[in-house]
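Notes follow once the structure below has been shown.
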Amino acid sequence: MLSVVTAERFAAEVLLLGIEGRHAWAWSGGATVRVALADLGPLWTGSYRYLWHPPAGFAGPLSMGDSGPAVAAVAELLARLDGQPRPLAQDEFNAALQQRVRLFQRREGLADDGVVGVQTLLALNRRLQLDPGAQVARETLAAGGREVPTP
């Protein structure tokens with residue numbers, strides 16, 4: 001969500017749905033529109049909000065010794081990614097989970113520090129296709145908010 005100032009000098013928000021080359025896809029006036037970045041750039045205030053759904057209980061980076069439902073959710077997501085019937089941890093961030101997080105981070109080109117922060121969670125969501133991506137979001141909005149079947 002980008003904060004912008006309209007040509008009429010009103011504050012507004014633009015839902016950015018993706019960027020392709022020199023153009024952006026945005027939600028405006030009840031429709032998905034394609035706008036040149038050169039036109040959008042001068043209106044942008046520099047502020048934005050990233051919209052996403054963190055795991056339940058996630059309040060910040062998770063690391064060795066942390067416990068709670070967010071740790072259990074991360075362990076479950078990694079088990080799902082690996083096709084494993086049981087996660088490496090329940091609700092306490094242990095050494096096995098830390099090692100698995102490091103391997104995942106390395107494969108995704110992230111800093112392999114074994115700490116689960118926003119970037120690691122976003123990469124995990126993408127890998128598991130929990131984040132529908134910009135194209136699916138545009139199609140869903142174009143369909144009037146109804147879910148669009150994914151291939």
Side-chain angles (χ1 to χ4, degrees), residues 1-82 87 89 91 93 97-98 100-151:
M1 186 75 71
L2 301 179
S3 297
V4 297
V5 176
T6 68
E8 296 82 19
R9 308 298 302 153
F10 290 104
E13 301 283 326
V14 173
L15 181 59
L16 185 65
L17 298 172
I19 296 176
E20 293 176 350
R22 295 177 186 245
H23 290 84
W25 289 98
W27 180 254
S28 175
T32 302
V33 295
R34 189 169 184 251
V35 60
L37 291 174
D39 294 336
L40 184 59
L43 304 176
W44 184 37
T45 67
S47 294
Y48 68 92
R49 287 179 287 151
Y50 193 79
L51 306 176
W52 70 300
H53 294 285
F58 182 78
L62 301 169
S63 60
M64 194 66 161
D66 287 341
S67 62
V71 172
V74 168
E76 184 62 43
L77 290 172
L78 286 166
R80 186 184 322 171
L81 180 67
D82 295 340
D91 66 350
F93 204 115
L97 182 58
Q98 181 185 50
R100 181 60 186 99
V101 168
R102 284 185 174 170
L103 289 170
F104 175 76
Q105 290 170 326
R106 207 171 296 139
R107 286 187 186 138
E108 295 298 311
L110 301 169
D112 60 342
D113 57 7
V115 175
V116 178
V118 172
Q119 294 304 315
T120 299
L121 287 170
L122 291 173
L124 191 52
N125 285 346
R126 275 192 307 273
R127 180 65 61 196
L128 289 167
Q129 298 180 338
L130 300 175
D131 175 7
Q135 179 65 34
V136 172
R138 288 193 299 270
E139 291 169 1
T140 300
L141 288 170
R146 296 181 309 276
E147 278 192 44
V148 176
T150 55

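Using a 4.5 Å heavy-atom threshold, the side chains of Leu97 and Val71 count as touching. Considering only heavy atoms from C-beta on, Thr45 comes within 4.5 Å of Val5 through its side chain. Put simply, the side chain of Leu15 reaches to within 4.5 Å of the side chain of Leu17, judged on heavy atoms. Leu81 has its side chain within reach of Phe104: a pair of non-hydrogen atoms, C-beta onward, lies under 4.5 Å apart. Side-chain contact between Leu78 and Val101 is present, with at least one heavy-atom pair separated by less than 4.5 Å. Leu43 places none of its side-chain heavy atoms less than 4.5 Å from the side chain of Thr6.
By the salt bridge (charged side-chain N to carboxylate O under 4.0 Å, His left out) test, Arg106 is found to be paired with Asp112, residues two or more places apart in sequence or in another chain being considered. Arg127 is linked by a salt bridge (charged side-chain N to carboxylate O under 4.0 Å, His left out) to Glu108, counting only residues two or more places apart in sequence or in another chain. Legend: residues meeting side-chain contact (heavy atoms from CB on, under 4.5 Å) with Pro55, ordered by chain and number and at least two apart, are Phe58, Ala73, Leu121. For Asp82, the salt bridge (charged side-chain N to carboxylate O under 4.0 Å, His left out) partners two or more places apart in sequence, or in a different chain, are Arg100. The side-chain contact (heavy atoms from CB on, under 4.5 Å) test applied to Ala24 returns Leu16, Ile19, Val35, Leu37, Leu40, not counting sequence neighbours.
Applying the salt bridge (Lys or Arg N to Asp or Glu O under 4.0 Å) test to pairs two or more places apart or on separate chains, those with a residue in residues 36-52 are Glu13-Arg49.
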query: Between Thr32 and Trp25, is a side chain to side chain contact (heavy atoms under 4.5 Å, CB included) present by the stated rule, with each step listed?
result: CA-CA 7 Å; Thr32 302; Trp25 289 98; 3.6 Å; yes
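In terms of modelled atom types and a separation under 3.5 Å, the side chain of Ser3 and the main chain of Tyr48 share no donor-acceptor contact. The backbone N or O of Phe93 sits nowhere less than 3.5 Å from a side-chain atom of Gln98 that would complete a donor-acceptor pair. Side-chain atoms of Gln105 do not come within 3.5 Å of backbone N or O of Val116 as any donor-acceptor pair.
Atom CG of Leu62 and atom OG1 of Thr120 lie 10.0 Å apart (nearest 0.5 Å). With rounding to the nearest 0.5 Å, the separation of CG in Leu122 from CG in Leu124 is 9.5 Å.
Between Ala123 and Leu110, the shortest heavy-atom distance links the atoms CB-CD1, 4.0 Å. Pairing each heavy atom of Pro87 with each of Ala79, the nearest pair is CA-CB, 3.7 Å. Taking all atoms of both residues into account, the shortest heavy-atom contact from Asp66 to Pro61 is OD2-O, 3.7 Å.
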